[in-house]
Amino acid sequence: MKPMTEPQIRGSMVNAVPGEAERMPLPGLHEVVWADREYLGWRDPGSPLRGYLVYWRGDEPIGISLRASEVRLQPGSAICSLCNTPQPAGQVTMFSAARAGEAGRAGNSVGTYICADLACSLLIRIAPPSYDWMPDTSAVIAERIDGLQSRLRSFGGRVLESAA
């Protein structure tokens, strides 16, 4: 992922309500290892149901304001819709995002299950064990990266769908 500045992040929010982008707390950008990210995702420490993710679509940063469901998944396992990683259900949350533009102002939203900490980029880089039939774990990680990017573009496209 190409690095982003604070003004780029704040200016990228496609579905934020007026004033939200200016008020949203940002993570420590000086600590981000941009090369190991497909998107920047974080939760608002002052408003635990609020989350954000920002990614590049070509040369344009796209930021999406998210709201976590208050309802927790039942005990068991769940799969994140972005990184496609199975995890304990408590580590996956339903997030909704208002659609961009007039549709969002009319109350339309989209939702998907995402890692509760929005750290999919870190999870997909955990190398699987090496086996004789699969000695190159870097190929597995590259596939995971491609899949995450594809699913992220799809989710972002659903948010932007009616913004034209």
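As the structure is a prediction and not an experimental result, all values here were calculated from the model.
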Can you tell me if [X] uses its side chain to pair, donor with acceptor, with the backbone of [Y] under 3.5 Å?
X	Y	result
Arg43	Pro48	yes
Gln91	Pro88	no
Arg72	Gly90	yes
Ser150	Gly147	no
Arg144	Ala139	no
Arg10	Glu6	no

Is there a side-chain contact between [X] and [Y], using heavy atoms and a 4.5 Å cut-off?
X	Y	answer
Cys115	Gln87	yes
Thr93	Ile114	no
Leu49	Glu70	yes

task = Apply side chain to side chain contact (heavy atoms under 4.5 Å, CB included) to Met1 and Leu40, showing your working.
result = CA-CA 9 Å; Met1 175 176 188; Leu40 177 63; 4.3 Å; yes
task = For Thr112 and Arg151, run side chain to side chain contact (heavy atoms under 4.5 Å, CB included): C-alpha distance rounded to whole Å, both residues' side-chain angles, the deciding distance at 0.1 Å, then the answer.
result = CA-CA 11 Å; Thr112 194; Arg151 290 182 290 274; over 6 Å; no
Using the rule that Ile, Leu, Val, Met, Phe, Trp and Tyr join whenever any side-chain heavy atoms are under 4.5 Å apart, tell me whether [X] and [Y] fall into a single cluster.
X	Y	answer
Leu123	Leu148	no
Val159	Phe95	yes
Val110	Leu66	yes
Val14	Trp56	no
Leu160	Val54	no

To the nearest 0.5 Å, tell me how far [X] [atom1] sits from [Y] [atom2].
X	Y	atom1	atom2	value
Thr85	Leu122	OG1	CG	11.0 Å
Arg153	Tyr55	CZ	OH	8.5 Å
Cys120	Arg37	SG	CZ	10.5 Å
Cys80	Leu118	SG	CG	8.5 Å
Cys83	Leu152	SG	CG	11.0 Å
Glu143	Ile124	CD	CD1	11.5 Å

Which pair of heavy atoms, one from [X] and one from [Y], lies closest together, and at what distance?
X	Y	value
Pro25	Pro45	CG-CD, 4.1 Å
Ala16	Glu20	CA-OE1, 3.3 Å
Asn15	Ala97	ND2-CB, 3.7 Å
Pro86	Asn84	CD-O, 3.6 Å
Gln8	Pro3	OE1-O, 4.0 Å

Salt bridge present between [X] and [Y] (N-O < 4.0 angstrom):
X	Y	value
Arg125	Glu38	yes
Glu161	Arg158	no
Glu102	Arg105	yes

task = List the steps and the verdict of side chain to side chain contact (heavy atoms under 4.5 Å, CB included) for Ile9 and Leu26.
result = CA-CA 9 Å; Ile9 292 169; Leu26 294 178; 3.7 Å; yes
ask   = Which residues satisfy the ring pair (Phe, Tyr, Trp, His ring centres under 6.0 Å) test with Tyr52, sequence neighbours excluded?
value =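 For Tyr52 the ring pair (Phe, Tyr, Trp, His ring centres under 6.0 Å) partners, ignoring immediate neighbours, are Trp42.
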Result of checking Ile64, Leu82, Ile62 against Tyr39 for side chain to side chain contact (heavy atoms under 4.5 Å, CB included) =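 Result for side chain to side chain contact (heavy atoms under 4.5 Å, CB included) with Tyr39: Leu82.
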ask   = Just by distance, with hydrogens left out, do Ser65 and Arg50 show a side-chain donor and acceptor under 3.5 Å apart?
value =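 The criterion, which ignores hydrogens and geometry beyond distance, is satisfied for Arg50 and Ser65.
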request  = Could you give me the CA-CA distance, side-chain angles and deciding distance for Leu29 and Trp34, then say whether side chain to side chain contact (heavy atoms under 4.5 Å, CB included) is met?
outcome  = CA-CA 9 Å; Leu29 298 180; Trp34 296 100; 4.2 Å; yes
Step-by-step salt bridge (Lys or Arg N to Asp or Glu O under 4.0 Å) determination, Arg57 to Glu60 = CA-CA 5 Å; Arg57 186 177 70 174; Glu60 178 185 16; 2.9 Å; yes
